[in-house]
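Since the structure is predicted, the reported quantities are computational estimates derived from the model, not experimental observations.
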Number of protein chains: 2
Amino acid sequence: MTTRQRSAVRDELVREPAFRSAQEIHASLRDTGHRIGLTTVYRALQSLADADEVDVLRNDDGESTYRACSAGHHHHVVCRSCGTTVEVEGRAVETWADRVAREHGFVDVEHTVEVFGTCIRCAG
Amino acid sequence: MTTRQRSAVRDELVREPAFRSAQEIHASLRDTGHRIGLTTVYRALQSLADADEVDVLRNDDGESTYRACSAGHHHHVVCRSCGTTVEVEGRAVETWADRVAREHGFVDVEHTVEVFGTCIRCAG
DNA sequence: GAGGGAATGAAAACCGTTGTCGTTCTCATG
DNA sequence: CATGAGAACGACAACGGTTTTCATTCCCTC
């Protein structure tokens, strides 16, 4: 269902292409004048994640962070300071993960690969 | 400081080389007759992690899971069913992560790579 | 032994997240 | 435009893993 709040969350994610927590996104929406509850933000993010429209990442504190993403399998280079993200793909990693798991007798192989660094703006 | 409880946690980690949550480890210790508090298990795991003697992984629920590990940089193939783990290394991944991050202007590059699958025993 | 600093653990606090439930909104239909 | 049903909303409470608190106990040196 399309609602004012749902659209606001989606727009906010597009506006700021960085991994942010639900609470940060909520605060940002409130600051820009939107009236929306935290629960609703969580639910909107959940349904967007279910639809594969956003990627979810756990940060070191165990919080979930969200970012609007292109469809299809890809990985991220994430700035540990500002959360800015670049999508990358790497066939080399895919095949490596698959091979190394099969060599040890594992099936149904999946993998998670995230690259962290400090972006040029934050390092400057 | 060396105490009975600290040793028990360390022994338990060696006994069962799989990623398990603090609560699972605590329950296992209690079941085998040890008197130890949950808080102490958390603290023992924390200090072992600080000393790089155990690796920490967040599962999908956001829980931390712990496993005794060899020193040095390596990755894991983890069974999603029983937590059994194989340590692997892959120079290809290291260089790929480094290259792709630098290409986008990131410095101080780190990466996390985890491979999940179903081990031959659980699949059988 | 005695003393002091670290470790322990039961209970409370913490905090991100999810459930509850009465109210409000959206949208297809008349 | 009116309406009714089902979905979405949101304030609040509940949940659960983890951390903090603080009085007690333990380890180690002298």
Please answer: with hydrophobic residues joined when any side-chain heavy atoms are less than 4.5 Å apart, are L13(A) and V86(A) in the same cluster?
no
For a quick test of your reading: what N or O donor-acceptor pairs under 3.5 Å do the side chains of residues 109-117 of chain B make, sequence neighbours left out?
{"from": "H111(B)", "atom 1": "NE2", "to": "H73(B)", "atom 2": "NE2", "distance (Å)": "3.2"}
{"from": "H111(B)", "atom 1": "NE2", "to": "H75(B)", "atom 2": "NE2", "distance (Å)": "3.4"}
{"from": "H111(B)", "atom 1": "NE2", "to": "E94(B)", "atom 2": "OE1", "distance (Å)": "2.9"}
{"from": "E114(B)", "atom 1": "OE1", "to": "H76(B)", "atom 2": "ND1", "distance (Å)": "3.4"}

Phosphate OP1/OP2 of dT8(C) contacted by T3(B) side-chain N/O (<4.0 Å)
yes
Between residues 5-16 of chain B and DNA chain C, which residues have a heavy-atom gap below 4.0 Å?
Q5(B), R6(B)
For the pair made of CZ in R35(A) and P in dT23(C), what is the distance, rounded to whole Å?
19 Å
From NE2 of H34(A) over to P of dC9(D), roughly how many Å is that when rounded to an integer?
13 Å
Do side-chain atoms of R58(B) reach the backbone of D60(A) as a donor and acceptor pair under 3.5 angstrom?
yes
CZ (R15(A)) with more than 12 external heavy atoms under 6.0 Å:
yes
Would V56(B) end up clustered with V41(B) when hydrophobic side chains under 4.5 Å apart are linked, directly or stepwise?
yes
Within this structure, what is the OH-to-C1' distance between Y66(A) and dG16(C), rounded to whole angstrom?
10 Å
Using five base pairs at each end to define the local axes, how bent is the helix from dG1(C)-dC30(D) to dG30(C)-dC1(D), to the nearest 10°?
20°
Can you tell me if E16(B) and S28(B) form a side-chain donor-acceptor pair at under 3.5 Å?
no
Rounded to the nearest angstrom, tell me the gap between atom CZ in R43(A) and atom P in dG19(C).
10 Å
For residues I36(B) and V54(B): do they belong to one hydrophobic cluster (side chain heavy atoms under 4.5 Å, members Ile, Leu, Val, Met, Phe, Trp, Tyr)?
yes
Could you list, one pair per line, each protein nitrogen or oxygen that sits under 3.5 Å from a nitrogen or oxygen of nucleotides 11-14 of chain C, together with the distance?
{"from": "dA11(C)", "atom 1": "N6", "to": "T39(B)", "atom 2": "OG1", "distance (Å)": "3.4"}

When you measure from the side-chain N and O atoms of Y42(A) to the phosphate of dT17(C), is any distance below 4.0 Å, counting only OP1 and OP2?
yes
Whole Å only: how far is the CD atom of E24(A) from the P atom of dG16(C)?
10 Å
Taking CG from L38(B) and C1' from dA10(C), how many angstroms apart are they, rounded to a whole number?
11 Å
Review item, nucleotides 28-30 of chain C N/O atoms under 3.5 Å of protein N/O:
none

So if I take every side-chain heavy atom of Q23(B) and compare against dA7(C), dT18(C), dT18(D), which nucleotide ends up nearest?
dT18(D)
Is there a donor-acceptor contact under 3.5 Å from the side chain of D61(B) to the main chain of E63(B)?
no
Ignoring hydrogens and angles, answer whether the base of dG17(D) and the side-chain atoms of R58(B) contain a donor-acceptor pair closer than 3.5 Å.
no
Whole angstrom value for the distance that separates P of dT18(D) from CD of E63(A)
15 Å
With sequence neighbours left out, write down each residue that passes side-chain contact (heavy atoms from CB on, under 4.5 Å) with A92(A), or none if nothing qualifies.
none
Earlier contact from the 5' end, DNA chain D, for T2(B) and G62(B)
G62(B)
How long is the line joining CZ of R4(A) and C1' of dC9(D), in whole Å?
9 Å
Between E87(B) and S70(B), does any side-chain donor sit less than 3.5 Å from a side-chain acceptor?
yes
